[in-house]
Amino acid sequence: MFRFMNLKQTLSLSAAALFSVAAAAQRLPLYLDDGAPMEQRVEDALSRMTLEEKTAMVHAQSKFSSPGVARLGIPEVWCTDGPHGIRPEVLWDEWEQAAWSNDSCTAFPALTCLAATWNTDMARLYGKSIGEEARYRNKSVLLGPGVNICRTPLNGRNFEYMGEDPYLTSRMAVPYVEGVQSNGVAACVKHFALNDQEMNRFTSNVIVDDRALYEIYLPAFKAAVQEGHAWCIMGSYNLYKDQHCCHNQYLLNDILKGEWGFDGVVVSDWGGTHDTGEAIQNGLDIEYGTWTNGLSSGTRNAYDSYYLTQPYLDRIKKGEVDTTQLDDKVRRILRLSLRTTMDRRRPFGSIATPEHFEAARRIAEEGIVLLKNSGGVLPLDVSKVKKVAVIGENAVKMMTVGGGSSSLKTRHETVPLEGLRKRLEGVAEVAYARGYVGDAGGEYDGVVTGQDLAESRTAEALMAEAVALARESDCVLFFGGLNKSPHQDCEDTDRTGLELPYGQDALIGALAAANPNLVVVNISGNPVAMPWVDQVPAIIQGWYLGSEAGDALAAVITGDVNPSGRLPFTFPVRLEDVGAHSAGDYPGRKRQDEDIWDVHYNEGLYVGYRWSDRHDIKPLFPFGHGLSYTRFDYGTATLSKSELAEDDTVTLSVPVTNTGQVAGAEVVQLYIRDVKSALPRPVKELKGFQKVTLAPGETGTVTFTIDKSALSYFDDVAHKWVAEPGKFEAWVAASATDIRQKVTFTLK
């Protein structure tokens with residue numbers, strides 16, 4: 001019904017609200033009584049529904065909505081893509097834009113950048129802000145955050161996730177979910193589970209041992225459900241145990257709804273449903289996007305031909321299945337509606353406000369990582385630098401459009417060149433040369449950047465121009481890396497290698513020879529190889545920073561902001577240094593006579609720094625790494641006691657002092673090592689982190705509480721978490737390879 005309303009009307013009215021206004025003069029039905037217990041309201045609404053109304057609720061009616069029950073004032077469920085901003089409105093049955101003039105949003109930094117802040121306050125701010133934008137557009141469900149693990153740096157969708165470590169991802173996901181849902185909008189945590197590559201994503205069958213499943217790939221989902229109380233989960237495209245994950249008995253029924261007690265809604269990824277029987281029995285609640293738009297492709301009245309529509313209704317009427325599973329699905333959908341669109345205390349939200357752009361800028365600034373800084377190149381001394389050469393396509397290319405379902409139509413996007421010229425206006429000349437051509441396009445699903453990046457000059461001419469500019473400038477800022485084109489950082493494709501594309505490695509080498517004051521700013525959502533790392537004095541990891549990208553980068557480069565980001569994943573020197581490529585069989589092995597690819601996670605627990613530790617491999621840049629424009633010294637770490645009982649806790653404290661000349665923030669990391677265990681364990685595992693901001697000369701004390709959960713591993717034979725008595729070490733660190741203190745304690 002909302003498709004005929006304007007935006008103002010959809011903000012003010014829902015089917016439930018209209019119904020409640022009409023019923024104001026009489027006693028409200030129980031399911032509309034906000035003061036009644038949730039489960040009583042659910043049961044009351046369920047009891048009033050016909051069989052046809054129930055089956056209508058468990059499938060889509062358009063690209064992004066599923067039906068309610070208009071007769072009862074139960075509203076439709078409206079979803080929107082995230083997780084970095086609110087997708088522009090599309091046509092009812094198509095992916096093309098609806099051409100609204102009022103659906104531009106704030107583009108927030110990609111989730112890799114959020115994870116790189118190592119700051120849970122930023123995660124909460126992110127969730128609250130994007131939730132306000134979803135609420136303003138009257139959405140029931142925001143399709144995010146993504147919490148899949150960075151198993152391979154080739155995964156085209158890693159930029160939408162939060163890195164390689166389950167603990168870091170868990171801690172950042174929970175406040176994001178809570179922030180979104182504080183607006184009466186459901187966070188839909190995705191993609192559940194093992195969706196760790198885009199190549200063959202519809203046909204990959206993941207084969208992984210239970211220890212790796214529970215210790216690496218499930219913790220962020222579990223935390224989002226049990227701590228963040230997420231109201232929605234999205235299944236993934238791939239298979240696990242030969243069942244598609246959108247209707248998977250093991251993941252959805254046994255683990256999610258069984259072991260974890262999830263009471264929310266499971267939605268399919270768009271087109272992720274494949275079988276009526278499995279969809280009925282194996283935990284799927286709402287089916288979306290089953291390979292039809294209802295008009296130009298698929299059958300007539302296609303939405304009524306989804307797996308969970310007429311085929312489901314026919315099975316019930318024939319007595320082949322009863323309504324037990326259907327009632328459970330509808331209960332969950334009713335619960336979702338009562339928590340979101342039917343909550344009359346739901347705030348109104350806001351979109352593309354100054355406050356949201358400020359939040360996007362703050363997150364971007366905190367997530368930028370200074371990887372290398374030798375020779376005092378950074379921050380730029382604006383009192384001495386008179387001419388700055390800005391080189392590289394990524395200095396001018398807008399990055400909010402493209403990359404798949406996270407593509408956005410933003411109110412504005414400040415590109416790096418624009419941000420630097422604004423910051424250095426009246427101080428220094430900022431000259432630009434393109435240097436290379438990557439992707440001159442700027443369109444995705446009907447959203448266009450409006451940029452004209454067409455280029456007729458040869459690669460040789462572009463390089464010659466860039467090198468000449470570098471020679472005559474005081475310093476050079478090269479903006480390169482990846483983009484959101486296919487086989488870069490992009491949904492539905494993986495990268496083809498770890499190296500930089502478009503001849504950038506050769507260009508960087510030439511620029512380093514032309515000017516020793518070279519800063520490389522890598523814009524990407526993935527690790528990249530850097531064969532020129534020893535030739536370049538300063539390197540910044542710039543991510544995809546959203547609407548405020550240019551201003552955030554300019555602030556860090558000039559020292560207005562002291563960088564405090566830390567890497568959420570390892571930068572390997574070469575692809576062979578990654579467990580998924582050394583021990584695993586990425587992208588998988590195709591079965592004979594079947595369009596199924598078995599992907600063996602032979603590296604098991606040893607993902608990211610765990611693999612590097614086990615095989616003593618030196619990374620290019622380690623997990624947790626990041627530099628500052630100041631220095632931090634760690635004092636002696638102390639424990640509150642040297643022994644603890646199984647249900648006890650121990651407190652670790654360490655003083656940290658800013659010994660430099662400017663204020664800054666340090667991320668203190670806690671890793672736990674099990675000295676001796678019955679089952680093999682990683683050398684160390686992240687179990688705590690804290691970001692502390694200190695003025696010059698100031699000392700702060702960072703405190704961690706260590707409990708049984710930080711010491712436990714998953715026993716796959718007993719199928720339970722075990723904290724084994726014995727000796728443990730707590731490692732206080734500035735990165736996975738920069739260990740500052742080690743203290744020992746015993747679990748009795």
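Heads up: numbering here begins at 1 and tracks the sequence.
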Practice task
State, without any angle test, whether Glu178 and His229 hold a side-chain donor-acceptor pair at a distance under 3.5 Å.
Solution key: no
Exercise for the section: For Ala360 and Thr106, work out which heavy atoms get closest and say how close. Expected result: CB-CG2, 4.1 Å
Handout entry: Residues Ser524 and Gln541: side-chain donor-acceptor under 3.5 angstrom
Key = yes
Problem - Basic-acidic side-chain contact under 4.0 Å: Glu603, Arg151 - result: yes
Exercise for the section: Indicate whether the side chain of Asp494 and that of Tyr586 have a donor and an acceptor atom separated by less than 3.5 Å. Expected result: yes
Problem - Donor on one side chain, acceptor on other, Ser406 and Glu491, under 3.5 Å - result: no
Completion exercise
Which of Val266, Ile333, Val141 passes side chain to side chain contact (heavy atoms under 4.5 Å, CB included) with Ile286? Answer is Ile333
Exercise for the section: Inspect the contact between Asp269 and Arg201 and indicate whether a charged nitrogen and a carboxylate oxygen are less than 4.0 angstrom apart. Expected result: no
Problem - For Asn183 against Gly127, the heavy-atom pair lying closest together - result: ND2-O, 4.3 Å
Exercise for the section: Answer yes if the side chains of Ser65 and Glu76 hold a donor-acceptor pair under 3.5 Å, and no otherwise. Expected result: no
Problem - Basic-acidic side-chain contact under 4.0 Å: Arg171, Glu227 - result: yes
Exercise for the section: Answer yes if the side chains of Gln97 and Asp445 hold a donor-acceptor pair under 3.5 Å, and no otherwise. Expected result: no
Exercise for the section: Would you kindly say whether Thr340 and Ser140 are connected by a side-chain donor-acceptor distance under 3.5 Å? Expected result: no
Practice task
Verify the distance criterion only: is there a donor paired with an acceptor across the side chains of Arg157 and Ser405 at less than 3.5 Å?
Solution key: yes
Exercise for the section: Report yes or no: does Arg211 contribute a side-chain atom to a donor-acceptor pair with the main-chain N or O of Gly604 at less than 3.5 Å? Expected result: no
Practice task
Kindly give the heavy-atom pair with the smallest separation between Trp231 and Gln181, and that separation in Å.
Solution key: N-OE1, 2.9 Å
Handout entry: Partner of Thr400 under side chain to side chain contact (heavy atoms under 4.5 Å, CB included), chosen from His84, Glu413, Lys484
Key = Glu413
Problem - Arg124 atom CZ, over 12 foreign heavy atoms within 6.0 Å - result: yes
Problem - Cationic N near anionic O, under 4.0 Å, Arg135 to Glu132 - result: no
Problem - Check: Tyr161/Asn155 side-chain N/O donor and acceptor closer than 3.5 Å - result: no
Exercise for the section: Answer yes when Glu358 and Arg361 have at least one side-chain N-carboxylate O distance shorter than 4.0 Å, and no when they do not. Expected result: yes
Exercise for the section: For the pair Lys691 (side chain) and Thr117 (backbone), establish whether a donor and an acceptor sit closer than 3.5 Å, ignoring hydrogens and angles. Expected result: yes
Exercise for the section: Verify the ring-centre separation between Phe623 and Trp118: is it less than 6.0 angstrom? Expected result: yes
Practice task
Compute the centroid of each ring, for His625 and then for Phe571, and state whether the two points are separated by less than 6.0 Å.
Solution key: no
Practice task
May I ask you to check whether Asn158 and Asn526 show a side-chain donor-acceptor distance below 3.5 Å?
Solution key: yes
Handout entry: Donor on one side chain, acceptor on other, Arg566 and Asn119, under 3.5 Å
Key = no
Exercise for the section: State whether the number of non-hydrogen atoms from other residues, nucleotides or ligands found under 6.0 Å of Lys684 atom NZ is greater than 12. Expected result: yes
Handout entry: Main-chain N/O of Glu287 paired to Ser268 side chain as donor or acceptor, under 3.5 Å
Key = no
